[in-house]
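Shown next, in C-alpha cells, is the structure this report addresses.
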Amino acid sequence: MKFCKSKKRITAYVLLALCAATTAYAATEHWNDASLTPKAVVATQAGDQNWEQWKASWETIKTDYEQVSLAPGKDASQMNFAWYSKEQAKNAVVRVSTHEDMSNAADYRGTSKEGTLVAGTQYYTNKVTVRGLKPETTYYYQVKVNGDWKPVASFKTGNPDDFTFMYVGDPQIGASKGQTSSEGNKQDGELAARNDAYNWNKTLNSALAQHPEINFLVSPGDQINEPAEDQSEKKIQLQEMQYAGYLSAKALRSLPEATSIGNHDSMTIGYQNHFNVPNPFTEETTPTAAGHGYFYSYGNALFIVINANNYNAADHEALIKKAIKANPNAKWRIVVMHQDIYGSGLDHSDSDGILMRTQLTPIYDANKIDVVLQGHDHTYARTYQLSSDGKQHADFAEYKVAGQSGQHHNLINAALKDSAKKSVYESQNLCYTIADMRQGTLVNPKGVFYMSSNSATGSKFYQLISQQQDYVAARNQSWRPTYSVIHITKDSFSIDTYDAETGSPIDETYRIIKN
C-alpha cells in the first residue's frame, strides 16, 4: 500500500472509517457450516468422530459442564487446573506423575468453592496449581471430580528458551445463531453451539497436527457467545452449554490455554469459574463480573493479559507496571487484550476498539511493550510498528461503561451520530505515528507491533473497512477460520498465520530480532 505522510490524507482514512462506524453492523452471511464437511473427523473425548457422530454425541457433550481446563502457571514451572463439580470437596486435588500408570504420583491441593448455578443444580469451581515442573517433560495427571478420579490425561512442558504458542481469535461458540445450515436448519442457540464447537475441535486438531511444536494456546477473548446479561436461568444454561462445547475439544486436555475476557465473556462469573489464571490483578478498581486481568512469564517472555472490557486505563497501567516489576529482566513484553485498538474490521476497530486508543498507546510506549495481540474484529490485520504521538488526548470518559455491567460496543456508535462529538472524536484519535514500515525481518525496531486475529471457528465474520487504514501493513478476510503460530527464542519473535483447513499461510512471516 502506498503511504502518504500528509496529515490531510491520514485524516481522510480515519474520517472514512468513522463514517462507517456510525452504523451498528452485524455478522455477515459468511460462516463455517459444519454440515458442509460431514466426512471431516475430529478427535474428541469419545474418540474420533465425523459430523454425524458428533451430532449423536452432542446430547452428552452439551451438559458435560465438569470438563477440565489447563492454563499456564505464573511461570514455565507451573500449570493451573480448573473444573466444575457437583460436590464440594474439602480440597480440590490433582495428582501428577511422569509415569502413565500414575506410579509415584504427587498430589497437589487447591480450592473448591461455590460456583455457577445451572438449571437448578449448584456447581462448584475447583482450582489447583501444580508446581516444580521440568522443561520438555511429559506429565500424566488425574483430577478428582465428585469423589472419583477422571481418566488419565497428559501434557508436555516446553523449552522456555525456545517455545511456540498458538494464537487464535474469538472462538465464540454459539455465534452462528440465526444462520441456516445446508441441512435446512435455522440455527438456534443450541444448534449454533453444536456447530461451532465441532469447528473449534477441527481448528485445534488441524493446527496441532500441522504444528506439533505448539506448547500452549493464547486466546484474546470471546470464548463463548451468550453474555447472559440478564442472568436468567435459561441464558446461564445456554452459556454453560457453550462453555461445555468450547472445552469439549480433546486437545484441551493436553494444551494449556491462556484466555482473556472478551465482551461476551465479561458479564457473568462463568469465565472465572472455568479458568484458573495466574497472578490475577485483584487490585483492579472496576473489574467486570468475569474477573480480572493477569500476567505470567514463559522463559524470557512476559505476557500481560488485560481485561479490556474495563475502560479504566489506570487499572491496565497498574497491572503492566506490577507485571514488569515482578519480571524486570523479561526480554519480550507481550500484551493480550480483546478489543483491537488498531484493527481493520468494519464492526469494531474504529468504534469501541478506538475508544481506548488514546489512553493505551502512550502506556504501551512508556512501558516498552513489544507486541499487542488483539481479537474482537473477526478479521485479520497486522500493523506497522506504531508509537504514540506524544500529545495529550481526550479519554472519552462519557462514552464508557465500566464495572460489573461489562462493556457494550454500540455506545460509541450511538454517540458518533452527534456530528459535534464525532468531530472531536476524529481529531483526538489521530494519536499515533508510524515508527517503522519495514516488513519481513526487523532488527531492533522502534514502536509497538499490533495484531488482530480472525475467527478461529468461523462462527462469525465481519467485513474489512473499505479503506485500509494507514497503520495497517497487511490484512485479510477469506471467510475461513485461521490461526497464528508464534515462535519466541532468546532473541527473536516471529508470527505466521494459516488457513485452518488447508494449513496454507495467508501472509508472510513477520519477525522481530532484538540484540
Self-check item: Rounded distance [0.5 Å steps], CG in Leu217 versus OH in Tyr483
Solution: 12.0 Å
Self-check item: Short side-chain donor-acceptor distance under 3.5 Å, Glu240 and His274
Solution: yes
Quiz item: Would you say the side-chain atoms of Ser453 pair up with the backbone N or O of Gln374, donor to acceptor, closer than 3.5 Å?
Solution: yes
Quiz item: Do we see a donor-acceptor contact under 3.5 Å between the side chains of Asp75 and Ser297?
Solution: no
Quiz item: Is there a donor-acceptor pair under 3.5 Å between the side chain of Tyr450 and the backbone N or O of Ile341?
Solution: no
Practice problem: Check the side chains of Ser85 and Asn126 for a donor-acceptor pair under 3.5 angstrom, ignoring hydrogens and angles. | Solution: yes
Quiz item: Can you tell me if Ser112 and Gln88 form a side-chain donor-acceptor pair at under 3.5 Å?
Solution: no
Quiz item: In terms of side-chain heavy atoms, does Asp507 have a donor or acceptor partner in Thr497 at a distance below 3.5 Å?
Solution: no
Quiz item: Would you call the rings of His211 and Tyr498 parallel, tilted or perpendicular, where under 30° means parallel and over 60° means perpendicular?
Solution: tilted
Quiz prompt | Nearest heavy atoms of Phe295 and Ala326, plus distance in Å | solution = CE1-CB, 4.0 Å
Quiz item: Between the side chains of Thr164 and Asn215, is a donor N or O closer than 3.5 angstrom to an acceptor N or O?
Solution: no
Quiz item: Donor-acceptor pair, Gln223 side chain versus Asp265 backbone, under 3.5 Å?
Solution: no
Quiz item: Does one side chain, of Thr37 or Lys202, offer a donor that lies under 3.5 Å from an acceptor on the other?
Solution: yes
Practice problem: Could you tell me whether the side chain of Tyr271 reaches within less than 4.5 Å of the side chain of Val277, counting heavy atoms only? | Solution: yes
Quiz item: Can Ser478 and Asp499 be counted as having a side-chain donor-acceptor contact under 3.5 angstrom?
Solution: no
Quiz item: Given the rule in the side chain to side chain donor-acceptor pair (under 3.5 Å) test, do Asp230 and Ser232 qualify, once you have shown the distances and angles that lead to the verdict?
Solution: CA-CA 5 Å; Asp230 61 8; Ser232 68; 3.2 Å; yes
Practice problem: List the steps, then state whether side chain to side chain donor-acceptor pair (under 3.5 Å) holds for His378 with Gln172. | Solution: CA-CA 10 Å; His378 300 251; Gln172 207 164 335; 3.1 Å; yes
Self-check item: Gln142 side chain to Lys150 backbone, donor-acceptor under 3.5 Å
Solution: yes
Practice problem: Report yes if the side chains of Ile261 and His338 come closer than 4.5 Å at any heavy-atom pair, otherwise no. | Solution: no
Practice problem: Locate the shortest heavy-atom distance separating Phe81 from Leu70; write the atom from each residue and the value. | Solution: CE2-CG, 3.8 Å
Quiz prompt | Gap between atom NZ of Lys234 and atom CD of Glu226 - 0.5 Å precision | solution = 10.0 Å
Quiz prompt | Any donor-acceptor N/O pair, Thr457 side chain to Pro171 backbone, under 3.5 Å | solution = yes
Quiz item: Are more than 12 heavy atoms from other residues, nucleotides or ligands located less than 6.0 Å from atom NZ of Lys74?
Solution: no
Exercise. For residues Leu319 and Ile304, report the shortest heavy-atom separation together with the two atoms involved.
Key: CG-CG2, 3.9 Å
Exercise. Verify the distance criterion only: is there a donor paired with an acceptor across the side chains of Asn309 and Gln339 at less than 3.5 Å?
Key: yes
Quiz item: Which pair of heavy atoms, one from Asn201 and one from Ser248, lies closest together, and at what distance?
Solution: ND2-OG, 3.4 Å
Quiz item: Rounded to the nearest 0.5 Å, what separation is found between the CZ atom of Arg194 and the NZ atom of Lys62?
Solution: 9.5 Å
Quiz item: Is it the case that Asp33 and Ser181 place a side-chain donor and acceptor less than 3.5 Å from each other?
Solution: no
Practice problem: Using only heavy-atom distances, determine whether the side chains of Tyr380 and Ser484 contain a donor-acceptor pair under 3.5 Å. | Solution: no
Exercise. Indicate the atoms forming the closest heavy-atom contact of Ala193 with Gln242, along with that distance.
Key: CB-CG, 4.1 Å
Self-check item: Spacing of CH2 belonging to Trp83 relative to CG belonging to Leu247, to within rounding of 0.5 Å
Solution: 13.5 Å
Quiz item: Quick check: does any side chain N or O of Ser69 sit under 3.5 Å from a backbone N or O of Leu252, one acting as donor and the other as acceptor?
Solution: no
Quiz prompt | Thr268 side, atom OG1; Gln239 side, atom CD - distance, nearest 0.5 Å | solution = 3.5 Å
Quiz item: Where the side chain of Arg253 meets the backbone of Val68, is there a donor-acceptor pair that is under 3.5 Å apart?
Solution: yes
Quiz item: Donor-acceptor pair, Gln231 side chain versus Ile236 backbone, under 3.5 Å?
Solution: no
Self-check item: Min side-chain heavy-atom separation Tyr124-Glu87 under 4.5 Å
Solution: no
Quiz item: Is the backbone N or O of Tyr296 less than 3.5 Å from a side-chain atom of Asn279, with the two atoms forming a donor-acceptor pair by type?
Solution: no
Self-check item: From CD1 (Ile224) to CE (Met241), nearest 0.5 Å
Solution: 12.5 Å
Exercise. Using the side-chain contact (heavy atoms from CB on, under 4.5 Å) rule, take Ile363 and Met356 through it: C-alpha gap first, then chi angles, then the decisive distance, then the call.
Key: CA-CA 11 Å; Ile363 291 173; Met356 293 190 74; over 6 Å; no
Exercise. Identify the heavy atoms of Leu191 and Lys186 that sit nearest to each other, and give their distance.
Key: CD1-O, 4.2 Å
Practice problem: State whether the side chain of Asn32 and the backbone N or O of Gly458 hold a donor-acceptor pair below 3.5 Å, judged by distance alone. | Solution: no
Quiz item: So Tyr246 and Phe275, would you call those rings parallel, tilted or perpendicular, with 30° and 60° as cut-offs?
Solution: perpendicular
Practice problem: Applying side chain to side chain donor-acceptor pair (under 3.5 Å) between Ser344 and each of Arg382, Gln477, Arg475, report the one that passes. | Solution: Arg475
Exercise. Give a yes or no on whether Lys250 atom NZ has more than 12 heavy-atom contacts from other residues, nucleotides or ligands under 6.0 Å away.
Key: no
Quiz item: Between Thr129 and Asn80, is a side chain to side chain donor-acceptor pair (under 3.5 Å) present by the stated rule, with each step listed?
Solution: CA-CA 4 Å; Thr129 296; Asn80 285 0; 2.9 Å; yes
Quiz item: Taking side chain as C-beta onward, heavy atoms only, is Trp479 less than 4.5 Å from Thr28?
Solution: yes
Quiz item: Is it the case that more than 12 heavy atoms not belonging to Lys177 sit under 6.0 Å from its NZ atom?
Solution: no
Exercise. Check whether any side-chain heavy atom of Ile320 lies under 4.5 Å from a side-chain heavy atom of Ile306, and answer yes or no.
Key: yes
Self-check item: Candidate list Tyr167, Tyr510, Phe163, test side-chain contact (heavy atoms from CB on, under 4.5 Å), partner Ile486, passing option
Solution: Tyr167
Exercise. Answer whether the closest heavy-atom distance between the side chains of Ser219 and Glu257 falls below 4.5 Å.
Key: no
Quiz item: Hey, are the side chains of Tyr65 and Asn273 touching, using non-hydrogen atoms and a 4.5 Å cut-off?
Solution: no
Quiz prompt | Phe165 ring center within less than 6.0 Å of Tyr298 ring center | solution = no
Self-check item: Passing option when Tyr84 is tested against Thr125, Thr116, Asn146 for side chain to side chain donor-acceptor pair (under 3.5 Å)
Solution: Thr116
Self-check item: Aromatic plane relationship, Tyr342 with Tyr432 - under 30° parallel, 30 to 60° tilted, over 60° perpendicular
Solution: perpendicular
Practice problem: For the residue pair Tyr139 and Val130, establish whether any side-chain heavy-atom pair is separated by less than 4.5 Å. | Solution: no
